[in-house]
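Just so we're clear, the structure is a prediction, and the values are computed from it rather than from any experiment. Note on naming: letters A, B, ... go to the chains in the order of the sequence lines (proteins, then strands), and numbering restarts at 1 for each one. Note that these values count all heavy atoms, side chains included, but never hydrogens, waters or copies made by symmetry.
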There are 2 protein chains.
Amino acid sequence: MVSQTEENYLKALFHLTNETIGKIDAGTNELAAFLSVKPATVNDMLKKLKEKELVSYEKYGKITLTQQGKAHAVEVIRKHRLWETFLYEKLAFSWDEVHEVAEQLEHIRSKKLVEQLDRFLNFPEVDPHGDPIPNAKGQLKFIQRSTLVQVEEGKTCQLVAIKDSSASFLQYAVQLGIGLSTQIKVLHRFDFDGSIEIEVNNKRSTVSQKFAENVYVK
Amino acid sequence: MVSQTEENYLKALFHLTNETIGKIDAGTNELAAFLSVKPATVNDMLKKLKEKELVSYEKYGKITLTQQGKAHAVEVIRKHRLWETFLYEKLAFSWDEVHEVAEQLEHIRSKKLVEQLDRFLNFPEVDPHGDPIPNAKGQLKFIQRSTLVQVEEGKTCQLVAIKDSSASFLQYAVQLGIGLSTQIKVLHRFDFDGSIEIEVNNKRSTVSQKFAENVYVK
DNA sequence: TAAAATAGTTAGGTTAGTCTAACAAATATT
DNA sequence: AATATTTGTTAGACTAACCTAACTATTTTA
Ligand SMILES: [Mn+2]
Ligand SMILES: [Mn+2]
Ligand SMILES: [Mn+2]
Ligand SMILES: [Mn+2]
(Lines give C-alpha, C1' and ligand atoms only; values in the text may rest on other atoms or scores of the structure.)
(Ligands and ions follow the chains in the order given, each with its own letter.)
Protein backbone atom coordinates (compact mmCIF):
# COMPACT_ATOMS: atom_id res chain seq x y z
CA MET A 1 0.00 0.00 0.00
CA VAL A 2 1.46 3.28 -1.15
CA SER A 3 -0.35 6.23 0.42
CA GLN A 4 -1.34 9.40 -1.43
CA THR A 5 1.39 11.30 0.33
CA GLU A 6 3.98 8.71 -0.60
CA GLU A 7 2.80 8.85 -4.20
CA ASN A 8 3.35 12.59 -4.21
CA TYR A 9 6.93 12.08 -3.01
CA LEU A 10 7.59 9.51 -5.73
CA LYS A 11 6.17 11.77 -8.39
CA ALA A 12 8.25 14.70 -7.14
CA LEU A 13 11.39 12.58 -7.26
CA PHE A 14 10.57 11.47 -10.77
CA HIS A 15 10.24 15.06 -11.93
CA LEU A 16 13.40 16.20 -10.12
CA THR A 17 15.54 13.46 -11.61
CA ASN A 18 15.35 13.44 -15.33
CA GLU A 19 18.00 11.18 -16.85
CA THR A 20 17.64 12.76 -20.24
CA ILE A 21 18.81 16.03 -18.69
CA GLY A 22 21.61 14.23 -16.87
CA LYS A 23 20.18 14.74 -13.40
CA ILE A 24 20.19 11.34 -11.79
CA ASP A 25 19.51 12.12 -8.14
CA ALA A 26 18.01 14.66 -5.75
CA GLY A 27 18.71 16.11 -2.31
CA THR A 28 16.63 16.38 0.83
CA ASN A 29 16.28 20.18 0.77
CA GLU A 30 15.50 20.14 -2.92
CA LEU A 31 12.68 17.66 -2.43
CA ALA A 32 11.41 19.59 0.58
CA ALA A 33 11.27 22.84 -1.40
CA PHE A 34 9.51 21.12 -4.31
CA LEU A 35 6.84 19.63 -2.05
CA SER A 36 6.52 22.66 0.23
CA VAL A 37 7.39 20.72 3.38
CA LYS A 38 10.38 20.96 5.73
CA PRO A 39 13.59 18.97 5.23
CA ALA A 40 12.96 17.13 8.51
CA THR A 41 9.67 15.84 7.12
CA VAL A 42 11.35 14.60 3.97
CA ASN A 43 13.98 12.88 6.04
CA ASP A 44 11.35 10.91 7.94
CA MET A 45 9.56 9.99 4.76
CA LEU A 46 12.74 8.83 3.07
CA LYS A 47 13.20 6.22 5.78
CA LYS A 48 9.73 4.90 5.10
CA LEU A 49 10.19 4.88 1.33
CA LYS A 50 13.55 3.15 1.68
CA GLU A 51 11.97 0.50 3.91
CA LYS A 52 9.39 -0.10 1.18
CA GLU A 53 12.19 -0.28 -1.41
CA LEU A 54 10.76 2.60 -3.41
CA VAL A 55 13.84 4.82 -3.11
CA SER A 56 17.47 4.09 -2.62
CA TYR A 57 19.42 6.34 -0.28
CA GLU A 58 21.97 6.37 2.51
CA LYS A 59 22.39 8.89 5.30
CA TYR A 60 23.85 12.11 3.90
CA GLY A 61 23.70 10.56 0.44
CA LYS A 62 21.72 11.38 -2.67
CA ILE A 63 18.20 10.10 -3.36
CA THR A 64 17.16 8.03 -6.37
CA LEU A 65 14.04 6.05 -7.21
CA THR A 66 14.34 2.28 -7.39
CA GLN A 67 12.90 0.49 -10.41
CA GLN A 68 9.79 -0.18 -8.34
CA GLY A 69 9.55 3.44 -7.21
CA LYS A 70 9.97 4.69 -10.74
CA ALA A 71 7.27 2.36 -12.05
CA HIS A 72 4.87 3.58 -9.40
CA ALA A 73 5.65 7.23 -10.16
CA VAL A 74 5.02 6.66 -13.86
CA GLU A 75 1.68 5.03 -13.11
CA VAL A 76 0.62 8.07 -11.09
CA ILE A 77 1.79 10.39 -13.87
CA ARG A 78 -0.17 8.30 -16.37
CA LYS A 79 -3.32 8.75 -14.31
CA HIS A 80 -2.65 12.47 -13.83
CA ARG A 81 -2.32 13.09 -17.55
CA LEU A 82 -5.27 10.92 -18.52
CA TRP A 83 -7.48 12.81 -16.08
CA GLU A 84 -6.21 16.16 -17.37
CA THR A 85 -7.12 15.05 -20.87
CA PHE A 86 -10.55 13.95 -19.70
CA LEU A 87 -11.24 17.24 -17.94
CA TYR A 88 -10.06 19.27 -20.90
CA GLU A 89 -11.73 17.32 -23.66
CA LYS A 90 -14.92 16.07 -22.06
CA LEU A 91 -15.72 18.45 -19.24
CA ALA A 92 -14.78 21.78 -20.82
CA PHE A 93 -12.07 22.62 -18.32
CA SER A 94 -9.58 25.20 -19.48
CA TRP A 95 -5.86 24.76 -19.85
CA ASP A 96 -5.08 26.26 -16.49
CA GLU A 97 -7.81 24.50 -14.48
CA VAL A 98 -7.02 20.86 -15.14
CA HIS A 99 -3.85 20.42 -13.11
CA GLU A 100 -5.23 21.08 -9.64
CA VAL A 101 -8.09 18.62 -9.94
CA ALA A 102 -5.87 16.00 -11.61
CA GLU A 103 -3.60 16.31 -8.57
CA GLN A 104 -6.44 14.72 -6.59
CA LEU A 105 -7.78 12.31 -9.21
CA GLU A 106 -4.36 10.78 -9.86
CA HIS A 107 -4.60 8.93 -6.54
CA ILE A 108 -7.83 7.05 -7.20
CA ARG A 109 -7.11 3.32 -7.06
CA SER A 110 -8.82 1.22 -9.70
CA LYS A 111 -7.11 -0.66 -12.47
CA LYS A 112 -10.30 -0.87 -14.47
CA LEU A 113 -10.92 2.85 -14.14
CA VAL A 114 -7.57 3.76 -15.69
CA GLU A 115 -7.91 1.24 -18.49
CA GLN A 116 -11.42 2.32 -19.38
CA LEU A 117 -10.62 6.01 -19.12
CA ASP A 118 -7.73 5.50 -21.51
CA ARG A 119 -10.02 3.69 -23.97
CA PHE A 120 -12.78 6.31 -23.54
CA LEU A 121 -10.31 9.03 -24.50
CA ASN A 122 -9.11 6.94 -27.44
CA PHE A 123 -5.63 6.24 -26.05
CA PRO A 124 -4.32 9.80 -26.13
CA GLU A 125 -0.57 10.32 -26.48
CA VAL A 126 -0.25 13.76 -24.94
CA ASP A 127 -2.09 15.68 -22.23
CA PRO A 128 -3.48 19.22 -22.67
CA HIS A 129 -0.06 20.71 -21.86
CA GLY A 130 1.61 18.62 -24.54
CA ASP A 131 3.28 16.24 -22.08
CA PRO A 132 3.45 12.59 -23.16
CA ILE A 133 1.09 10.13 -21.45
CA PRO A 134 2.78 6.86 -20.42
CA ASN A 135 1.04 3.83 -21.93
CA ALA A 136 -0.47 0.91 -20.00
CA LYS A 137 2.94 -0.77 -19.81
CA GLY A 138 4.47 2.33 -18.26
CA GLN A 139 6.40 3.29 -21.36
CA LEU A 140 6.89 7.00 -21.68
CA LYS A 141 7.59 8.30 -25.13
CA PHE A 142 10.40 10.82 -25.09
CA ILE A 143 9.59 13.80 -27.22
CA GLN A 144 12.45 15.84 -28.65
CA ARG A 145 11.63 19.42 -27.82
CA SER A 146 13.30 22.77 -28.23
CA THR A 147 12.13 26.02 -26.66
CA LEU A 148 11.01 29.22 -28.28
CA VAL A 149 14.37 30.71 -27.29
CA GLN A 150 16.17 28.52 -29.84
CA VAL A 151 14.03 29.50 -32.81
CA GLU A 152 15.78 31.67 -35.42
CA GLU A 153 14.44 35.07 -36.40
CA GLY A 154 11.98 34.92 -39.25
CA LYS A 155 11.10 31.26 -38.70
CA THR A 156 7.68 29.96 -37.75
CA CYS A 157 7.18 27.16 -35.26
CA GLN A 158 4.35 25.33 -33.57
CA LEU A 159 3.80 25.06 -29.83
CA VAL A 160 3.93 21.41 -28.76
CA ALA A 161 4.15 21.69 -24.99
CA ILE A 162 4.82 23.97 -22.09
CA LYS A 163 7.26 23.56 -19.26
CA ASP A 164 5.58 25.52 -16.48
CA SER A 165 1.97 24.53 -15.99
CA SER A 166 1.12 27.00 -13.26
CA ALA A 167 -2.18 28.79 -13.64
CA SER A 168 -0.45 32.19 -13.87
CA PHE A 169 1.71 31.13 -16.81
CA LEU A 170 -1.17 29.43 -18.58
CA GLN A 171 -3.49 32.38 -18.18
CA TYR A 172 -0.85 34.67 -19.67
CA ALA A 173 -0.47 32.29 -22.61
CA VAL A 174 -4.22 32.27 -23.19
CA GLN A 175 -4.25 36.06 -23.21
CA LEU A 176 -1.60 36.10 -25.93
CA GLY A 177 -3.77 33.75 -27.97
CA ILE A 178 -1.29 30.92 -27.50
CA GLY A 179 -2.38 27.32 -26.94
CA LEU A 180 -1.37 23.80 -27.94
CA SER A 181 -0.55 23.65 -31.69
CA THR A 182 -0.53 27.43 -32.09
CA GLN A 183 1.71 28.73 -34.90
CA ILE A 184 4.23 31.25 -33.63
CA LYS A 185 6.44 33.37 -35.89
CA VAL A 186 9.59 34.80 -34.34
CA LEU A 187 10.08 38.30 -35.71
CA HIS A 188 12.93 39.70 -33.72
CA ARG A 189 15.11 38.95 -30.72
CA PHE A 190 16.31 41.82 -28.54
CA ASP A 191 19.82 40.99 -27.42
CA PHE A 192 19.59 43.40 -24.50
CA ASP A 193 17.34 41.21 -22.33
CA GLY A 194 16.56 38.27 -24.60
CA SER A 195 12.95 39.25 -25.12
CA ILE A 196 11.33 38.24 -28.38
CA GLU A 197 8.83 39.82 -30.70
CA ILE A 198 6.40 37.23 -32.00
CA GLU A 199 3.41 37.06 -34.28
CA VAL A 200 0.42 34.90 -33.42
CA ASN A 201 -2.70 34.94 -35.61
CA ASN A 202 -1.51 38.19 -37.22
CA LYS A 203 -1.15 39.79 -33.83
CA ARG A 204 2.26 40.99 -32.67
CA SER A 205 3.44 40.83 -29.09
CA THR A 206 6.72 40.92 -27.24
CA VAL A 207 7.43 38.26 -24.65
CA SER A 208 10.23 37.94 -22.11
CA GLN A 209 13.03 35.43 -22.33
CA LYS A 210 11.61 33.75 -19.22
CA PHE A 211 8.34 33.23 -21.03
CA ALA A 212 10.09 31.87 -24.13
CA GLU A 213 12.02 29.36 -22.04
CA ASN A 214 8.77 27.82 -20.92
CA VAL A 215 7.40 27.25 -24.38
CA TYR A 216 8.36 24.08 -26.25
CA VAL A 217 8.03 24.18 -30.00
CA LYS A 218 8.80 22.18 -33.11
CA MET B 1 -12.31 21.76 5.78
CA VAL B 2 -14.17 18.50 6.11
CA SER B 3 -11.81 15.53 5.74
CA GLN B 4 -12.58 12.38 3.77
CA THR B 5 -13.06 10.47 6.96
CA GLU B 6 -15.41 13.08 8.34
CA GLU B 7 -17.38 12.97 5.10
CA ASN B 8 -17.78 9.23 5.49
CA TYR B 9 -19.20 9.73 8.99
CA LEU B 10 -21.67 12.33 7.74
CA LYS B 11 -22.78 10.09 4.91
CA ALA B 12 -23.21 7.15 7.29
CA LEU B 13 -25.34 9.28 9.61
CA PHE B 14 -27.47 10.43 6.71
CA HIS B 15 -28.14 6.85 5.70
CA LEU B 16 -28.84 5.69 9.24
CA THR B 17 -31.36 8.44 9.93
CA ASN B 18 -34.08 8.51 7.34
CA GLU B 19 -36.92 10.78 8.41
CA THR B 20 -39.28 9.24 5.92
CA ILE B 21 -38.91 5.96 7.80
CA GLY B 22 -39.31 7.73 11.11
CA LYS B 23 -35.75 7.17 12.28
CA ILE B 24 -34.52 10.55 13.35
CA ASP B 25 -31.31 9.75 15.19
CA ALA B 26 -28.53 7.19 15.60
CA GLY B 27 -26.37 5.71 18.36
CA THR B 28 -22.63 5.41 18.82
CA ASN B 29 -22.49 1.62 18.49
CA GLU B 30 -24.77 1.69 15.49
CA LEU B 31 -22.55 4.17 13.69
CA ALA B 32 -19.46 2.21 14.68
CA ALA B 33 -20.89 -1.02 13.27
CA PHE B 34 -21.93 0.72 10.06
CA LEU B 35 -18.47 2.18 9.50
CA SER B 36 -16.55 -0.86 10.73
CA VAL B 37 -14.72 1.05 13.44
CA LYS B 38 -14.88 0.80 17.23
CA PRO B 39 -17.34 2.79 19.35
CA ALA B 40 -14.44 4.58 21.03
CA THR B 41 -13.34 5.89 17.65
CA VAL B 42 -16.81 7.16 16.86
CA ASN B 43 -16.93 8.87 20.21
CA ASP B 44 -13.74 10.79 19.45
CA MET B 45 -15.00 11.75 16.03
CA LEU B 46 -18.36 12.94 17.37
CA LYS B 47 -16.58 15.50 19.51
CA LYS B 48 -14.83 16.84 16.44
CA LEU B 49 -18.00 16.89 14.33
CA LYS B 50 -19.90 18.61 17.11
CA GLU B 51 -17.16 21.23 17.39
CA LYS B 52 -17.54 21.86 13.65
CA GLU B 53 -21.33 22.09 14.08
CA LEU B 54 -21.95 19.23 11.68
CA VAL B 55 -23.73 17.01 14.21
CA SER B 56 -25.73 17.72 17.29
CA TYR B 57 -25.24 15.44 20.28
CA GLU B 58 -24.76 15.40 24.04
CA LYS B 59 -22.94 12.86 26.16
CA TYR B 60 -25.01 9.65 26.35
CA GLY B 61 -27.51 11.22 23.96
CA LYS B 62 -28.57 10.43 20.43
CA ILE B 63 -26.80 11.72 17.32
CA THR B 64 -28.40 13.82 14.59
CA LEU B 65 -27.00 15.80 11.68
CA THR B 66 -27.30 19.57 11.81
CA GLN B 67 -28.62 21.39 8.75
CA GLN B 68 -25.03 22.03 7.77
CA GLY B 69 -24.05 18.40 8.28
CA LYS B 70 -27.00 17.18 6.27
CA ALA B 71 -26.22 19.54 3.41
CA HIS B 72 -22.66 18.29 3.31
CA ALA B 73 -23.76 14.65 3.39
CA VAL B 74 -26.15 15.25 0.49
CA GLU B 75 -23.39 16.87 -1.54
CA VAL B 76 -21.19 13.80 -1.04
CA ILE B 77 -24.07 11.51 -1.99
CA ARG B 78 -24.67 13.61 -5.08
CA LYS B 79 -21.06 13.16 -6.14
CA HIS B 80 -21.15 9.44 -5.34
CA ARG B 81 -24.19 8.84 -7.51
CA LEU B 82 -23.00 11.03 -10.37
CA TRP B 83 -19.72 9.12 -10.47
CA GLU B 84 -21.54 5.79 -10.37
CA THR B 85 -23.60 6.93 -13.33
CA PHE B 86 -20.47 8.02 -15.17
CA LEU B 87 -18.70 4.71 -14.56
CA TYR B 88 -21.72 2.73 -15.62
CA GLU B 89 -22.70 4.70 -18.66
CA LYS B 90 -19.42 5.94 -20.03
CA LEU B 91 -16.78 3.54 -18.81
CA ALA B 92 -18.59 0.21 -19.15
CA PHE B 93 -18.47 -0.65 -15.46
CA SER B 94 -20.99 -3.24 -14.35
CA TRP B 95 -23.73 -2.79 -11.78
CA ASP B 96 -21.68 -4.31 -9.01
CA GLU B 97 -18.35 -2.57 -9.77
CA VAL B 98 -19.35 1.07 -9.57
CA HIS B 99 -19.87 1.49 -5.84
CA GLU B 100 -16.35 0.80 -4.63
CA VAL B 101 -14.71 3.28 -6.97
CA ALA B 102 -17.40 5.89 -6.36
CA GLU B 103 -16.57 5.56 -2.67
CA GLN B 104 -13.21 7.12 -3.53
CA LEU B 105 -14.32 9.57 -6.23
CA GLU B 106 -17.03 11.11 -4.05
CA HIS B 107 -14.33 12.91 -2.04
CA ILE B 108 -12.73 14.82 -4.92
CA ARG B 109 -13.07 18.52 -4.26
CA SER B 110 -13.96 20.66 -7.25
CA LYS B 111 -17.16 22.56 -7.74
CA LYS B 112 -16.62 22.80 -11.46
CA LEU B 113 -15.97 19.08 -11.75
CA VAL B 114 -19.33 18.17 -10.23
CA GLU B 115 -21.22 20.71 -12.29
CA GLN B 116 -19.61 19.65 -15.53
CA LEU B 117 -19.94 15.95 -14.80
CA ASP B 118 -23.64 16.49 -14.16
CA ARG B 119 -24.00 18.30 -17.47
CA PHE B 120 -21.89 15.71 -19.31
CA LEU B 121 -24.25 12.98 -18.09
CA ASN B 122 -27.24 15.09 -19.06
CA PHE B 123 -28.46 15.77 -15.52
CA PRO B 124 -29.40 12.20 -14.60
CA GLU B 125 -32.11 11.70 -11.98
CA VAL B 126 -31.16 8.24 -10.75
CA ASP B 127 -27.93 6.29 -10.39
CA PRO B 128 -27.35 2.78 -11.77
CA HIS B 129 -28.97 1.27 -8.66
CA GLY B 130 -32.11 3.35 -9.12
CA ASP B 131 -31.31 5.72 -6.24
CA PRO B 132 -32.21 9.38 -6.80
CA ILE B 133 -29.38 11.84 -7.45
CA PRO B 134 -29.67 15.10 -5.48
CA ASN B 135 -29.65 18.14 -7.76
CA ALA B 136 -27.21 21.04 -7.64
CA LYS B 137 -29.27 22.71 -4.93
CA GLY B 138 -29.12 19.61 -2.76
CA GLN B 139 -32.72 18.68 -3.33
CA LEU B 140 -33.30 14.96 -3.20
CA LYS B 141 -36.39 13.70 -4.93
CA PHE B 142 -38.20 11.17 -2.78
CA ILE B 143 -39.29 8.21 -4.79
CA GLN B 144 -42.26 6.20 -3.54
CA ARG B 145 -41.12 2.61 -3.61
CA SER B 146 -42.53 -0.74 -2.57
CA THR B 147 -40.57 -3.97 -2.45
CA LEU B 148 -41.10 -7.17 -4.37
CA VAL B 149 -42.54 -8.66 -1.19
CA GLN B 150 -45.61 -6.43 -1.46
CA VAL B 151 -46.51 -7.40 -5.02
CA GLU B 152 -49.66 -9.53 -5.37
CA GLU B 153 -49.57 -12.94 -7.03
CA GLY B 154 -50.20 -12.78 -10.76
CA LYS B 155 -49.12 -9.12 -11.06
CA THR B 156 -46.18 -7.84 -13.06
CA CYS B 157 -43.92 -5.07 -11.82
CA GLN B 158 -40.80 -3.26 -12.87
CA LEU B 159 -37.59 -3.00 -10.87
CA VAL B 160 -36.84 0.63 -10.07
CA ALA B 161 -34.10 0.32 -7.46
CA ILE B 162 -32.35 -1.99 -5.09
CA LYS B 163 -31.76 -1.60 -1.40
CA ASP B 164 -28.57 -3.59 -0.88
CA SER B 165 -25.83 -2.61 -3.30
CA SER B 166 -23.23 -5.11 -2.18
CA ALA B 167 -21.41 -6.93 -4.95
CA SER B 168 -22.74 -10.31 -3.80
CA PHE B 169 -26.37 -9.22 -4.06
CA LEU B 170 -25.84 -7.50 -7.40
CA GLN B 171 -24.05 -10.45 -8.91
CA TYR B 172 -26.92 -12.72 -7.89
CA ALA B 173 -29.40 -10.34 -9.49
CA VAL B 174 -27.40 -10.31 -12.71
CA GLN B 175 -27.43 -14.09 -12.75
CA LEU B 176 -31.23 -14.10 -12.50
CA GLY B 177 -31.35 -11.74 -15.46
CA ILE B 178 -32.56 -8.91 -13.26
CA GLY B 179 -31.42 -5.31 -13.72
CA LEU B 180 -32.80 -1.79 -13.59
CA SER B 181 -36.19 -1.61 -15.39
CA THR B 182 -36.52 -5.40 -15.65
CA GLN B 183 -40.14 -6.64 -15.76
CA ILE B 184 -40.82 -9.17 -13.02
CA LYS B 185 -44.00 -11.25 -12.80
CA VAL B 186 -44.85 -12.69 -9.40
CA LEU B 187 -46.26 -16.18 -9.93
CA HIS B 188 -46.59 -17.58 -6.47
CA ARG B 189 -45.70 -16.83 -2.88
CA PHE B 190 -44.85 -19.72 -0.55
CA ASP B 191 -46.24 -18.89 2.85
CA PHE B 192 -43.90 -21.35 4.53
CA ASP B 193 -40.78 -19.16 4.24
CA GLY B 194 -41.97 -16.21 2.19
CA SER B 195 -40.04 -17.21 -0.89
CA ILE B 196 -41.48 -16.16 -4.23
CA GLU B 197 -41.65 -17.75 -7.64
CA ILE B 198 -41.04 -15.14 -10.33
CA GLU B 199 -40.84 -14.98 -14.08
CA VAL B 200 -38.23 -12.83 -15.79
CA ASN B 201 -37.87 -12.85 -19.58
CA ASN B 202 -39.90 -16.08 -19.75
CA LYS B 203 -37.57 -17.73 -17.27
CA ARG B 204 -38.90 -18.93 -13.92
CA SER B 205 -36.92 -18.80 -10.71
CA THR B 206 -37.65 -18.89 -7.01
CA VAL B 207 -36.11 -16.25 -4.79
CA SER B 208 -35.99 -15.94 -1.02
CA GLN B 209 -37.94 -13.40 0.99
CA LYS B 210 -34.65 -11.79 1.93
CA PHE B 211 -33.89 -11.25 -1.75
CA ALA B 212 -37.38 -9.86 -2.41
CA GLU B 213 -37.02 -7.36 0.41
CA ASN B 214 -34.02 -5.84 -1.34
CA VAL B 215 -35.78 -5.26 -4.61
CA TYR B 216 -37.80 -2.06 -5.08
CA VAL B 217 -40.45 -2.13 -7.75
CA LYS B 218 -43.30 -0.09 -9.14
C1' DT C 1 -36.80 -3.29 41.77
C1' DA C 2 -32.51 -5.60 41.61
C1' DA C 3 -29.60 -7.93 38.49
C1' DA C 4 -28.10 -8.51 33.86
C1' DA C 5 -27.32 -6.86 29.45
C1' DT C 6 -26.40 -3.26 26.34
C1' DA C 7 -24.72 1.21 25.09
C1' DG C 8 -21.55 4.81 25.63
C1' DT C 9 -17.27 7.08 27.63
C1' DT C 10 -12.51 7.64 29.16
C1' DA C 11 -7.65 6.85 29.55
C1' DG C 12 -3.79 5.65 27.44
C1' DG C 13 -1.45 3.85 23.10
C1' DT C 14 -0.19 3.60 17.98
C1' DT C 15 0.92 5.26 13.23
C1' DA C 16 1.21 8.69 9.48
C1' DG C 17 2.50 13.03 8.43
C1' DT C 18 3.75 17.25 9.77
C1' DC C 19 6.49 20.89 12.54
C1' DT C 20 10.60 23.57 15.28
C1' DA C 21 14.94 23.83 17.30
C1' DA C 22 19.32 22.10 17.93
C1' DC C 23 22.96 19.72 16.03
C1' DA C 24 26.27 17.35 12.66
C1' DA C 25 28.29 16.64 8.15
C1' DA C 26 29.74 18.19 3.74
C1' DT C 27 31.01 21.75 0.77
C1' DA C 28 32.57 26.32 -0.50
C1' DT C 29 35.24 30.45 0.49
C1' DT C 30 38.84 33.14 2.08
C1' DA D 1 43.81 25.04 6.46
C1' DA D 2 40.47 27.48 8.96
C1' DT D 3 36.13 29.32 8.73
C1' DA D 4 31.66 30.07 6.91
C1' DT D 5 27.80 28.40 4.48
C1' DT D 6 24.83 25.00 2.99
C1' DT D 7 22.83 20.61 3.52
C1' DG D 8 21.07 16.96 6.09
C1' DT D 9 19.81 14.60 10.64
C1' DT D 10 17.87 14.06 15.25
C1' DA D 11 14.95 14.81 19.19
C1' DG D 12 10.79 16.07 20.77
C1' DA D 13 5.93 17.73 19.82
C1' DC D 14 1.48 17.95 17.55
C1' DT D 15 -2.98 16.39 15.12
C1' DA D 16 -6.00 13.00 12.87
C1' DA D 17 -7.72 8.61 12.99
C1' DC D 18 -7.62 4.58 14.79
C1' DC D 19 -7.17 0.85 18.75
C1' DT D 20 -7.82 -1.90 23.65
C1' DA D 21 -9.13 -2.18 28.26
C1' DA D 22 -11.49 -0.47 31.96
C1' DC D 23 -15.15 2.02 33.42
C1' DT D 24 -20.01 4.24 33.76
C1' DA D 25 -24.73 5.03 32.38
C1' DT D 26 -28.94 3.44 30.59
C1' DT D 27 -32.18 0.04 29.42
C1' DT D 28 -34.13 -4.49 29.67
C1' DT D 29 -35.72 -8.46 31.99
C1' DA D 30 -36.63 -11.57 35.53
MN1 LIG E 1 -0.56 18.53 -14.54
MN1 LIG F 1 -1.35 14.50 -6.03
MN1 LIG G 1 -23.13 3.38 -4.23
MN1 LIG H 1 -16.13 7.32 0.72
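For R189(B) (side chain) and I196(B) (main-chain N/O), no donor-acceptor pair under 3.5 Å exists by modelled atom type. The backbone N or O of V174(A) sits nowhere less than 3.5 Å from a side-chain atom of W95(A) that would complete a donor-acceptor pair. No side-chain donor-acceptor contact under 3.5 Å links E7(B) to the backbone of Q4(B). Formation of a donor-acceptor pair under 3.5 Å by the K23(A) side chain with backbone atoms of D25(A) is found in this model.
Here dG8(D) presents its P atom at 10 Å from CG of L31(A), a figure rounded to the nearest Å. If you take OH of Y60(B) and P of dT24(D), they are 9 Å apart, rounded to a whole angstrom.
For DNA chain C, the contact window with chain B, defined by any atom under 4.0 Å from a protein heavy atom, covers dA7(C) to dT10(C) in 5' to 3' order.
Because its NZ or CZ atom is both nearer than 6.0 Å to the ring centre of F93(A) and within 45° of the ring axis, K112(B) counts as a cation-pi partner of that residue. The side-chain tip of K90(A) does not point at the ring of F86(B) from less than 6.0 angstrom away and within 45° of straight on.
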Take H72(A) and V76(A) through the test side chain to side chain contact (heavy atoms under 4.5 Å, CB included) and record every step on the way to the result.
CA-CA 6 Å; H72(A) 199 105; V76(A) 177; 3.8 Å; yes

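For S195(A), the side chain to side chain contact (heavy atoms under 4.5 Å, CB included) test picks out F190(A), D193(A), T206(A), with sequence neighbours left out.
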The contact string for nucleotides 10-21 of chain D, one letter per nucleotide 5' to 3', using protein heavy atoms under 4.0 Å with B, S and - for base, sugar-phosphate only and none, comes out as B-----SSBBB-

